[in-house]
There are 2 protein chains.
Amino acid sequence: MNNILNPLIETIDKAIKAHQWGEEPKELYEPIGYIMSLGGKRLRPLLTLLGYRLFNDDIRPAIAPAMAVETFHNFTLVHDDIMDKAPLRRGKETVHTKWNDNIAILSGDVMMIKVYDHLLELDPEILPAALKAFNANATEVCEGQQKDMNFESRDDVTAEEYLDMIRQKTAVLLGLALQLGAMVAKAPEEIQSGLYDFAVKLGIGFQLKDDLLDVYGDQAKFGKQVGGDIIENKKTYLLIKAKELASGELAAELEKWIAHENPIAEDKVKAVTEIYNQLDIKNITEQLMQSSFEEAFGILESMPLNEQQKTYLSDFATIVINREK
Amino acid sequence: MNNILNPLIETIDKAIKAHQWGEEPKELYEPIGYIMSLGGKRLRPLLTLLGYRLFNDDIRPAIAPAMAVETFHNFTLVHDDIMDKAPLRRGKETVHTKWNDNIAILSGDVMMIKVYDHLLELDPEILPAALKAFNANATEVCEGQQKDMNFESRDDVTAEEYLDMIRQKTAVLLGLALQLGAMVAKAPEEIQSGLYDFAVKLGIGFQLKDDLLDVYGDQAKFGKQVGGDIIENKKTYLLIKAKELASGELAAELEKWIAHENPIAEDKVKAVTEIYNQLDIKNITEQLMQSSFEEAFGILESMPLNEQQKTYLSDFATIVINREK
């Protein structure tokens with residue numbers, strides 16, 4: 001692999017480490033430094049730098065929009081973790097656990113303003129288009145989060161609705177991240193839009209992989225509790241598809257575990273995984289994931305990019321496809 | 001009074017009424033329509049229209065930034081009401097009460113994005129400067145809110161700290177609102193900055209008046225529970241000053257009421273008001289409020305504006321000064 005990605009990730013990590021979020025009151029700014037330093041895969045800012053790097057070697061003008069995208073992503077994590085009452089994020093305490101809900105709400109709000117501070121560093125010539133694209137996608141991320149919450153109290157969520165939800169909640173931000181880099185490099189709109197579509201398809205595959213890893217992942221590598229989604233009856237693609245395909249006794253058993261008010265976690269994970277296995281859910285989900293990745297590669301192939309550019313993008317796709325955590 | 005303010009308020013009300021915030025999911029957008037329709041004095045968007053109207057009769061280009069300012073203000077109300085666990089806002093249920101905390105967090109987040117959508121309608125030539133001013137002041141509003149929360153668990157808050165907090169939490173948004181209108185009208189920077197200072201001084205007086213009305217307001221006009229701040233031991237200017245000035249028995253009695261875990265509300269309000277009266281707190285606060293208003297008028301007088309422009313601005317100041325709710 002002709003690896004340009006590692007130096008780009010280093011660039012992001014360095015920029016995040018060097019950034020001063022603010023001083024006083026410290027209750028407002030310490031949580032921002034904390035969540036931004038927890039790491040994660042940095043896939044979104046990497047996409048922004050990559051989208052720029054395809055067209056220009058000197059990536060400095062892409063650092064601010066990459067910071068905007070990563071700050072926005074972390075803002076959504078801070079607020080989503082309050083809504084989900086999640087105690088841990090990347091193995092560490094969430095902001096609302098380490099501080100409290102109010103501080104998490106308000107420092108998240110400040111992060112949102114800081115997103116636009118980063119975008120303000122863009123060339124004024126592209127600022128309106130960049131903001132327009134950013135706002136449209138940021139709105140979709142919120143819509144996706146609301147739909148995800150609505151799904152919790154529904155038991156008739158269809159696979160189609162689920163795929164639309166993850167497109168909004170997860171995939172479009174990957175699309176925007178890559179598009180933004182290309183936009184800053186002043187790539188033609190047609191290319192920008194192709195890159196957006198490419199990364200959105202990758203993002204859908206990325207989330208399906210996440211659903212799979214939560215059930216079939218290697219606990220030693222995964223980081224989160226394998227089986228966590230099953231324990232919480234989280235409406236992932238796997239559960240939705242299992243409910244759609246199960247009938248007779250199997251359907252009754254699945255419903256029994258879903259309705260069980262106080263199950264032994266280990267038993268529930270084992271039993272539901274067994275139901276998934278009988279219904280071939282792993283294979284069905286992998287096929288859908290695979291076809292989303294193939295659609296991404298199809299878009300990439302059809303784009304008027306040179307081989308070098310395509311290699312960079314497929315190197316990125318490989319990271320997403322091979323993730324085990 | 002040569003009243004141009006009423007038609008400007010009508011313009012805002014019409015713009016808010018006509019605005020489509022979004023459709024689906026409805027849990028995300030209904031709360032936005034709800035909070036924006038609750039009314040309130042619309043002082044901030046009025047300031048934006050006024051700041052533009054000083055220089056230009058056709059106020060249409062100022063409607064979008066006025067919407068931005070009012071949307072931001074209402075966003076802060078939605079999130080602050082969660083933090084304060086407030087059941088009512090303008091006599092109606094708060095968003096987190098009518099729906100729930102999660103919906104209030106997330107629909108607030110979308111409002112924040114919509115603020116920037118409104119700002120995006122500005123002439124690209126002034127967009128960077130407008131965003132920069134907006135972000136700086138929006139950040140201060142959040143800092144002020146965090147300081148206000150920090151004050152709750154402190155009993156050594158000084159009058160100086162309090163005045164700095166209300167400047168950030170309340171006054172700077174009035175400053176920004178007026179400045180933004182003038183900016184859109186492409187008024188000279190010196191004028192913009194004078195208008196900002198004028199409205200900030202008004203804003204500090206406005207908040208001191210709010211503190212006074214909470215104790216000495218006419219219940220029939222005030223809308224909120226008179227004495228609410230006393231019941232909650234809210235660190236207003238009145239309480240901070242009373243703690244500073246009280247000594248001996250009076251100080252002990254004030255501390256007793258503050259420490260009382262389950263007082264009869266009516267008794268506490270009566271007793272603490274009596275302590276304020278003995279310390280001449282009403283007068284002291286009114287003098288500070290008055291001097292803030294006078295500073296505002298001093299700034300206005302010194303600005304290179306014509307008599308008509310000054311009249312418009314002092315008409316606005318009169319609304320703030322005469323508020324009884």
Side-chain angles (χ1 to χ4, degrees), chain A residues 22-29 72 75-76 78-80 82-85 100-129 131-132 134-150 152 165 168, chain B residues 22-29 72 75-76 78-80 82-85 100-129 131-132 134-150 152 165 168:
Chain A
E23 288 292 328
E24 285 290 332
K26 66 183 191 336
E27 292 81 0
L28 201 55
Y29 292 110
F72 178 75
F75 146 78
T76 66
V78 171
H79 278 192
D80 286 5
I82 307 170
M83 301 183 215
D84 299 342
K85 302 190 192 309
N100 59 50
D101 280 12
N102 286 358
I103 284 178
I105 293 172
L106 197 58
S107 58
D109 291 346
V110 174
M111 290 175 82
M112 192 67 179
I113 301 168
K114 297 294 172 192
V115 168
Y116 290 94
D117 268 342
H118 288 301
L119 290 174
L120 250 177
E121 292 183 42
L122 291 174
D123 181 347
E125 204 185 302
I126 64 150
L127 183 63
L131 285 175
K132 198 177 165 194
F134 178 83
N135 285 1
N137 286 284
T139 302
E140 286 213 70
V141 172
C142 294
E143 291 179 355
Q145 167 68 4
Q146 183 63 51
K147 286 179 187 171
D148 197 14
M149 292 198 293
N150 289 350
E152 284 173 31
M165 182 278 285
Q168 291 194 301
Chain B
E23 288 292 329
E24 286 291 332
K26 66 183 190 337
E27 292 81 1
L28 202 54
Y29 292 110
F72 178 76
F75 147 78
T76 66
V78 171
H79 278 192
D80 287 4
I82 307 170
M83 301 182 215
D84 299 341
K85 303 193 191 309
N100 58 50
D101 280 11
N102 286 358
I103 284 177
I105 292 172
L106 198 58
S107 59
D109 292 345
V110 174
M111 289 175 84
M112 192 68 179
I113 301 168
K114 297 294 172 192
V115 168
Y116 290 94
D117 268 342
H118 288 301
L119 291 174
L120 249 177
E121 291 182 42
L122 290 174
D123 182 346
E125 204 185 301
I126 65 149
L127 183 63
L131 285 175
K132 198 176 165 198
F134 179 82
N135 285 0
N137 286 284
T139 302
E140 286 213 72
V141 172
C142 294
E143 290 178 355
Q145 167 67 5
Q146 183 63 52
K147 287 178 186 172
D148 197 15
M149 292 198 294
N150 289 350
E152 284 172 30
M165 182 278 284
Q168 291 194 301

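Chain identifiers are assigned alphabetically (A, B, ...) following the order of the sequence lines, protein sequences preceding nucleic acid strands; residue numbering begins at 1 within each chain. Everything numeric in this text was worked out from a predicted model, so none of it was measured.
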*Say you draw a straight line from CD of A:E143 to CG of B:L106; how long is it, rounded to the nearest 0.5 Å?*
9.5 Å
_So, applying side-chain contact (heavy atoms from CB on, under 4.5 Å) with A:M83, which one of B:N100, B:N102, B:D101 is it?_
B:N102
Is chain A contacted by the side chain of [X], its backbone, both, or neither, given a heavy-atom distance below 4.5 Å?
| X | value |
| --- | --- |
| B:I113 | both |
| B:N150 | side chain |
| B:F134 | neither |

_So for A:L131, is it side chain, backbone, both, or neither that comes closer than 4.5 Å to the heavy atoms of chain B?_
both
*Side chain, backbone, both or neither: which part of A:E125 has a heavy atom under 4.5 Å from chain B?*
neither
*Could you give me the CA-CA distance, side-chain angles and deciding distance for A:M149 and B:E27, then say whether side chain to side chain contact (heavy atoms under 4.5 Å, CB included) is met?*
CA-CA 10 Å; A:M149 292 198 293; B:E27 292 81 1; over 6 Å; no
*Do B:D109 and A:D109 touch side chain to side chain, with heavy atoms closer than 4.5 Å?*
yes
*Does a side-chain heavy-atom distance below 4.5 Å link A:M111 with A:T76?*
no
_For chain B, which candidate among A:S107, A:P128, A:G108 shows the most heavy-atom pairs at distances under 4.5 Å?_
A:P128
*Looking only at heavy atoms, which two atoms of B:N135 and A:Y116 are closest? And how far apart?*
ND2-C, 3.5 Å
*Name the member of B:I105, B:L119, B:V110 that forms the most heavy-atom pairs with chain A at distances under 4.5 Å.*
B:I105
